[in-house]
Amino acid sequence: MKNILEISDLSVSFPGPNGKIPAVRNLSLSLGPGECLAIVGESGCGKSVVAHAVLRLLPPGTEVLGRVSYQGQDLLHLSESEMDQIRGQEIGMVFQSPERALNPVMKIGKQLISPQVMHGLCSEKDAELRAKGVLRSLGLDADRIMSSYPWMCSGGMCQRIVFAAVSLLHPNLVIADEPTKGLDAANVTDLEAMLSTVTAGKSTGLLLITHDMDVASRLSNRIAVMYCGMIVEEGETRSVLSSPKHPYTRGLLGSLPKNGFVPIPGISPALSDLPNGCVFHPRCAFAEETCRTDIPDLKDGVRCRRC
Amino acid sequence: MFGKNTFIIAGIIFLTLLFTAAAGCIGSSPTDQNAVLKIATPNEITEASYYGNYNFAQITRVATPPLIQVDENGDYVGAVAKSWTVSSDGKTWEFTLDPNYQWSDGTSLTADDVKFSLEYAAEKITTAPSWIKSAAITTSENVVTISLADPVYRLFGDLVAINIVPKHIWGSIDDPEEYISAGPYVGSAAYYVQSVDTNSATLVLAVNPAWKGNAPYYGTVELHWFATEDAAILAMLGGECDTYWKYGASFPTSSVALLDSSEKFTTVETPSLKMSYVGFNTISSDAGSDLAFRKAIAYALNYDELVEIGASGYALSANSGFIPNGVPYYKNTPANIYNLATAKLMLDAAGYKDVNGDGIREDTNGSALTVTLLTRDKVAGELIKEYLQKAGLKVEYKFASDLNAWVELKDAHAYDIAYNGITAKGMMMDSGWATGYFASNTLGAGKLQNVDDPVFLELCAKIATTPDGDELKALISDLQDYYSDNMPGIALYWSTDVTPINTEIDGWYISKATGILNEINLLSMHPAN
Amino acid sequence: MKFDRRYILPGLLILLFLIVAIFPGMFAPYSISDRTATYQAPGADHLLGTDNMGKDIFSLLIYAARWTLMIGFASGLLAVFVGTAVGLLAGWRRGALDEFLMGTTDIVLILPKIPLVIILAAYLGPSPWVLIFVLGLLSWESIARVVRSKVIQIRSSEYILAARCLGFSDCRIMFKEILPVVFPVIVPKFVLVTAAAMISEASLAFLGLSDPQTVSWGGMISDAFTYSGFLRGMWYWWLPPALCIILGVLAITSLAFIHERGVREVMQL
Amino acid sequence: MNKVLARKLVRYAVCLLIVVLLVFLLPRCMPGDPVQCLVGEDVYLTQEILDSVTAKLGLDRPLFEQFQIYIGDLFTGDLGYSYTRHQNVADLIWDRLPWTLLLTGMSMLIGYAFGIIAGTWSGWMTEKKRAKIMTGFGVFVSCIPPYLLGLIFFSVFVYQLGWFPYKGFYETPDFFSVVYHMALPVLTLALFVFARNMIIMRGSVLTEKNQLYPQFAKSLGIPRRKIIYGHVMKNAILPILTHFAIDFGFILSGALFIEIIFSLNGLGRVMYTAVLNLDYPVLSGLFLVIALMAICANLIADILYGIIDPRVKRGDDQ
Amino acid sequence: MLILEADRISKSYGKVAALTDFSLEISAGETVGLTGLSGSGKSTCARILAGLERPNTGIVRYAGKELTGANPAIQMIFQDPAGSFNPVRTIYQSLSAVLHLQGVPKSQRRDLLSEHFQNAGLQTEILSRYPDQISGGQAQRVAIVRGMLVHPKVMILDEPTSALDVSVQAQILHLLKDIQKENGMSYVFISHDPSVVEFMADRVISL
């Protein structure tokens with residue numbers, strides 16, 4: 001089966017006061033239809049940058065190198081107007097903090113209808129019917145919601161509305177950027193249910209960006225663990241979680257409550273001040289001399305000398 | 001048939017003659033209905049009120065002239081009144097009307113209109129003179145007789161300010177000062193006010209069809225007012241207006257240089273009745289009531305520089321007789337001279353010596369000789385302050401930024417020396433010859449009221465009740481001697497009026513009181529060939 | 001914190017103006033009472049020529065800095081003082097006092113300033129002090145508002161709660177913890193009030209509502225127009241003070257903007 | 001909404017009361033003769049008239065009774081009488097008000113429209129050179145005293161180039177003449193309105209830009225233009241509305257200077273003449289009317305705020 | 001020994017009741033866990049226990065006496081680590097002010113702080129940094145150090161690890177346990193994550 005999204009050698013760096021700050025380094029990924037790939041990692045590891053780089057939502061001045069191909073098209077070389085055709089209709093994105101993702105002074109109805117009309121999917125009338133249909137299927141009082149403003153809705157409702165806005169455009173790829181951040185347990189369950197419908201049709205791919213291992217384990221087929229802008233381990237979700245190869249992955253899993261809060265010693269380095277060689281070596285118990293000088297390649301989905 | 005032809009030919013000839021005559025009539029008529037004279041002025045007419053607005057009232061003198069007016073020499077000549085006589089007791093005045101003046105709506109101007117106008121002014125206008133209120137006015141055909149309760153000889157100064165207006169129009173208007181109308185206003189002179197529009201800042205004077213005197217050249221005279229002098233002058237230079245007028249004032253002397261660079265305009269200088277002076281508080285000030293001090297100060301003032309800076313050179317150095325040379329009965333008195341050394345010697349001699357050597361003189365009590373200088377004029381005030389300081393005086397400078405403050409201070413006699421200006425109208429106020437500014441028994445915001453010398457007050461009273469003639473001439477001579485000897489005030493300079501003359505226009509007739517905007521000038525102005 | 005190079009140019013300009021204002025004698029070739037020939041064109045003797053009284057325009061320009069800056073900064077300081085006090089009190093105490101103070105602020109906000117200054121100057125007579133007091137006492141409302149909203153935001157922030165837990169007194173928290181944090185938002189407001197006061201002074205001078213005994217840039221421009229400097233094409237008379245006002249205001253305003261941007265960056269982190 | 005509006009209304013009422021008190025007390029508390037302070041300095045009136053003024057305003061009675069008379073007069077639309085202009089102050093202002101409102105209204109319309117659009121644009125495209133130049137221009141203009149720019153425009157466009165007339169609202173009272181005469185004054189004033197609004201709008205857009213909702217809109221494929229002018233502008237415009245009321249006073253005083261320079265007989269000229277003549281009744285009346293207009297502007301801003309930002313209806317303070 | 005006690009406290013903001021009839025007893029040296037969904041009144045409870053807010057009804061007693069305001073014996077650690085420090089002051093300035101309050105002379109402050117920092121696994125360079133220049137984990141450690149400077153008897157921890165990454169969370173939890181072992185104070189540990197509360201607390205109360 002042909003991959004929907006293929007990222008190869010993606011590097012992203014931001015301008016900083018003392019030169020460039022690398023946020024993502026030489027990242028390669030692929031995602032097939034009906035598949036869910038989770039990128040997990042801790043804050044500042046660059047996982048959200050990947051999501052924004054795909055949709056070209058990064059602020060101006062950011063340097064993006066490499067190739068992001070969506071169904072064979074290199075997104076990095078499209079014009080803005082061509083990109084507008086891709087965004088929403090082809091690739092949709094579910095944002096974190098849904099209350100803030102909706103325009104506070106615009107009625108929800110309009111925010112759901114206008115993108116559909118803009119993309120020429122249907123007439124305004126149909127768009128309204130479709131929007132109501134989707135809202136209803138998500139268990140909302142469609143008529144009331146359509147004529148209210150985002151601030152009148154609870155966080156859970158906003159979350160559904162944002163999801164509805166994305167799914168109404170029938171994208172082939174959905175990117176969920178930290179969708180569970182700051183949510184209550186009940187809302188997390190809700191969201192997982194919604195996201196699982198994305199890949200159910202076997203044609204749409206889901207790129208899940210999260211710091212939450214549990215969510216990743218429940219939703220994804222494959223998982224990629226990021227640390228300081230690099231993928232340190234990638235593979236089938238089940239195998240990575242049950243038998244992690246990379247020491248960082250192991251440490252991460254060990255810190256989880258169910259594994260007894262065993263901490264990784266030391267702290268993550270700042271992106272502007274990364275150590276040479278393997279970025280994890282100062283905190284790694286198995287570090288060797290070569291780890292200090294060379295960046296290990298991704299072998300069998302794992303980026304580590306010893307493993 | 002022959003006869004018939006003869007008739008036809010005769011008819012043709014007759015008609016041709018008729019037409020020729022008519023054409024000749026039109027051709028010889030000097031009025032060009034399409035010609036427009038545009039006057040720029042900074043005197044804004046804020047509301048279209050014939051009586052209520054000060055600036056409008058100045059212009060109405062041209063359209064509804066008073067009985068008499070002032071000519072270019074400052075003499076009184078007839079306007080609506082052709083001639084007049086006065087009884088020997090100075091109580092009965094007879095004015096004979098000029099038949100040229102007829103109302104622009106076709107009705108004739110009668111003695112009744114004059115009577116009405118005078119009584120109307122007495123009754124309705126707040127600034128009307130007091131004598132008119134007690135006067136009895138009678139009419140007979142074209143003669144108006146004013147009978148006064150007490151003899152008044154300085155009557156004309158007031159009469160030039162009372163317009164003769166149509167009774168059939170104003171008779172029904174109860175409060176003329178509040179009456180507002182965009183025109184037309186029925187007038188009696190060569191022009192009448194056709195319209196006045198505060199939004200477009202334009203007043204239009206049109207030729208009076210009933211006017212029987214000489215026809216003016218310009219079919220229309222427009223007055224355009226501007227919010228600032230600069231804008232008015234720029235409009236002139238930019239070709240928007242033909243000439244400049246400002247009531248009671250010269251063209252701004254500091255801008256005269258600008259006209260010289262323009263090809264369209266030249267300037268005419270005429271001596272005016274305006275002047276600048278300093279007055280001494282002779283009533284409650286120690287130094288001010290000391291004649292020797294006053295005389296010394298007269299030497300301390302740099303008159304040439306005051307002329308140069310205060311009037312941009314457009315003024316004459318004054319005499320000790322105070323009154324400008326353009327005023328009737330002017331006589332030559334010793335000129336004011338600047339000589340600092342003399343001033344210092346005289347101050348020393350008067351007992352104001354700098355004993356302790358600190359550069360400041362002490363008065364007879366031994367304390368520093370301090371004078372309070374009151375002024376409203378930034379430039380002159382600063383100069384005078386400097387001159388006094390150079391003479392060794394300590395100057396307390398009181399700058400009144402508005403009239404209110406100035407009036408308050410001068411009414412309290414809270415000054416030793418005060419700077420002020422005198423206008424053409426002010427020169428004629430009260431007993432005339434500037435006495436109104438000095439006499440302590442007069443009232444008014446601009447007046448110093450700084451002399452209570454009985455000799456002076458008696459002189460003023462006499463002048464007020466003496467008819468024109470040798471006796472008056474002698475009194476005015478005495479007055480000038482009084483000014484020269486006692487120096488209640490020192491004339492700093494006599495202003496010169498500058499009038500911009502448009503080289504494309506001939507026939508200028510510039511009045512001392514009203515400048516170019518006077519009836520005589522409007523009749524005589526015409527384009528240059 | 002790193003020094004921002006954008007501060008240099010406006011900062012130096014303000015510094016220059018201040019030095020000139022404090023020590024005019026060091027820079028002015030003539031005193032303001034010296035006079036020579038009137039209406040001279042610029043030349044070697046008189047850098048910017050002379051005015052209607054024969055005074056050296058360049059020297060006047062230098063002496064004028066004092067009152068103009070004085071009016072600007074004094075009203076700015078007054079506004080900051082009142083505004084900060086009101087804002088701190090309203091934000092910290094909340095409740096009825098807050099309601100009252102903010103109501104007052106709203107009212108001051110609505111009062112049209114220039115017309116009020118004009119009517120007061122007409123009644124009280126124009127003096128720089130009237131100007132300072134009126135402009136200062138009418139311009140604090142925006143300062144009070146930002147200070148208040150900042151204080152409200154800060155007072156429930158965790159470091160203030162922590163400080164209270166640690167046993168710091170209210171007074172100490174107010175002056176040592178809150179004020180320094182509020183300070184960055186006051187600074188741009190202060191300079192904006194200062195700039196506005198300078199413009200107002202110049203505008204009132206144009207209406208003739210300035211004290212002729214004090215030399216200010218606005219007064220100089222007004223003089224140039226009163227004594228036909230404008231008509232005579234003496235741009236060297238009215239343009240330099242105009243430029244001084246514009247540059248001064250521009251420098252002050254840009255300091256505010258640079259600072260505000262800096263504040264925004266700091267606050268967002 | 002009603003709660004917020006009610007509270008605002010109370011504030012406006014208090015503001016009005018303060019203005020009225022100020023205008024009432026100022027002439028009565030000044031040193032010197034209150035009658036003179038009430039009729040103006042430059043007029044000379046007979047004792048008769050002065051007495052009648054004293055009687056009418058009750059100046060010989062206690063202050064509170066005077067105030068009652070004063071308030072009674074205000075309610076009947078009596079703002080006093082100008083003895084220098086021989087007119088009721090209310091009539092005088094009423095006569096000139098439409099013209100000044102026309103001048104300020106047109107300038108505000110143009111200034112706000114272009115200021116908002118340009119501010120939005122330059123706030124969104126901060127890194128573009130043209131946007132930087134535009135911002136610099138805006139800051140520069142707002143640093144110039146309004147009258148100075150008016151004078152320079154007058155000198156250049158009227159005198160040197162002769163493109164515009166020298167004075168007046170019109171030559172003949174027809175539409176085109178009015179447009180021709182008002183063009184330059186309106187543009188001059190509009191330039192200031194433009195500069196102020198552009199700067200405010202730019203800052204406001206900068207803040208909104210960093211919000212999440214434009215990002216989300218972008219991710220849905222909504223083109224940039226629509227995001228800027230459809231989404232961001234509506235949010236960013238709120239600070240402009242808050243400034244509307246303050247600006248109104250500023251613009252009105254700006255109009256004052258413009259009217260003087262372009263010889264337009266509006267309220268500004270009325271005020272200027274009143275200052276020159278120390279015509280206190282006119283000054284007081286004008287101040288009262290201007291304050292009233294400023295309050296109305298505030299009210300309009302509040303209502304507009306409610307329409308644009310539905311959140312206000314919740315009754316939130318913030 | 002009972003050290004902190006809440007007796008039937010209630011608190012409401014306007015019409016919204018945040019806490020009703022809540023009672024709690026904390027003995028010396030024990031850790032009480034509080035858990036519940038968002039909006040269940042956890043934070044309100046924490047602030048009332050710390051004396052930062054007064055309950056509408058009910059009473060809070062510390063060592064048998066009614067608690068009427070903030071008391072240095074009760075310290076609080078907050079969710080947002082960076083927000084717990086004054087943004088315009090360096091870490092040293094913030095901590096030094098606390099020592100000033102304690103009457104520690106200026107000369108000894110730096111040494112004392114270095115010692116505390118080492119115990120908490122922090123580098124001393126952090127002292128000269130501003131709050132926005134350190135990571136969340138570091139800031140939370142510094143906040144704990146600061147709380148310890150006044151030798152509290154009770155420490156109220158309001159979601160101290162919710163904003164932190166899992167690996168950092170584990171580190172902080174262990175640090176807290178170590179400190180308690182050493183000093184024997186009581187903890188009120190508040191978190192929405194039941195597993196974290198369970199790990200820390202001797203007994204758990206669900207709100």
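The chains referred to below are lettered A, B, ... by the order of the sequence lines, with proteins before strands, and numbering in each begins at 1. Values reported hereafter were calculated over all heavy atoms of this structure, with side chains retained and with hydrogens, waters and symmetry mates removed.
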Most heavy-atom pairs under 4.5 Å with chain C, out of E:Gln102, E:Arg89, E:Met76, belong to E:Arg89
Ranked by heavy-atom pairs below 4.5 Å to chain C, first place among E:Gly83, E:Gly69, E:Ala70 goes to E:Gly83
Ignoring hydrogens and angles, tell me if any N or O in the side chain of C:Glu158 forms a donor-acceptor pair with the backbone of E:Asp80 under 3.5 Å.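 Side chain of C:Glu158 to backbone of E:Asp80: a pair is present.
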Against chain C, label [X] side chain, backbone, both or neither, depending on which of its atoms sit under 4.5 Å from a heavy atom there.
X	answer
E:Ala73	neither
E:Leu52	both
E:Val98	both

Might you confirm whether atom [atom1] of [X] has over 12 heavy atoms from other residues, nucleotides or ligands at distances under 6.0 Å?
X	atom1	result
C:Leu9	CG	no
C:Phe133	CZ	no
C:Arg172	CZ	yes

Notebook entry, point to check: Is any side-chain heavy atom of E:Pro87 less than 4.5 Å from a side-chain heavy atom of C:Tyr159?
Noted result: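 Contact flag for E:Pro87/C:Tyr159 side chains = yes.
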- Query: Do E:Val88 and C:Phe183 touch side chain to side chain, with heavy atoms closer than 4.5 Å?
  - Reply: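 The answer is no, as the side chains (C-beta and beyond) never meet within the 4.5 Å cut-off.
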As an exercise, state the distance from [atom1] of [X] to [atom2] of [Y], rounded to the nearest 0.5 Å.
X	Y	atom1	atom2	answer
C:Cys165	E:Asn71	SG	CG	9.5 Å
E:Asn86	C:Ile154	CG	CD1	8.0 Å
C:Leu166	E:Arg146	CG	CZ	5.5 Å

On a heavy-atom basis, which atom in C:Ala162 and which in E:Ser84 lie closest, and how many Å separate them?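 Shortest heavy-atom contact: CB-O, 4.4 Å.
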Check the pair E:Gln93, C:Lys176 against side-chain contact (heavy atoms from CB on, under 4.5 Å), reporting the backbone distance first and the verdict last.
CA-CA 11 Å; E:Gln93 285 168 336; C:Lys176 293 254 171 146; over 6 Å; no
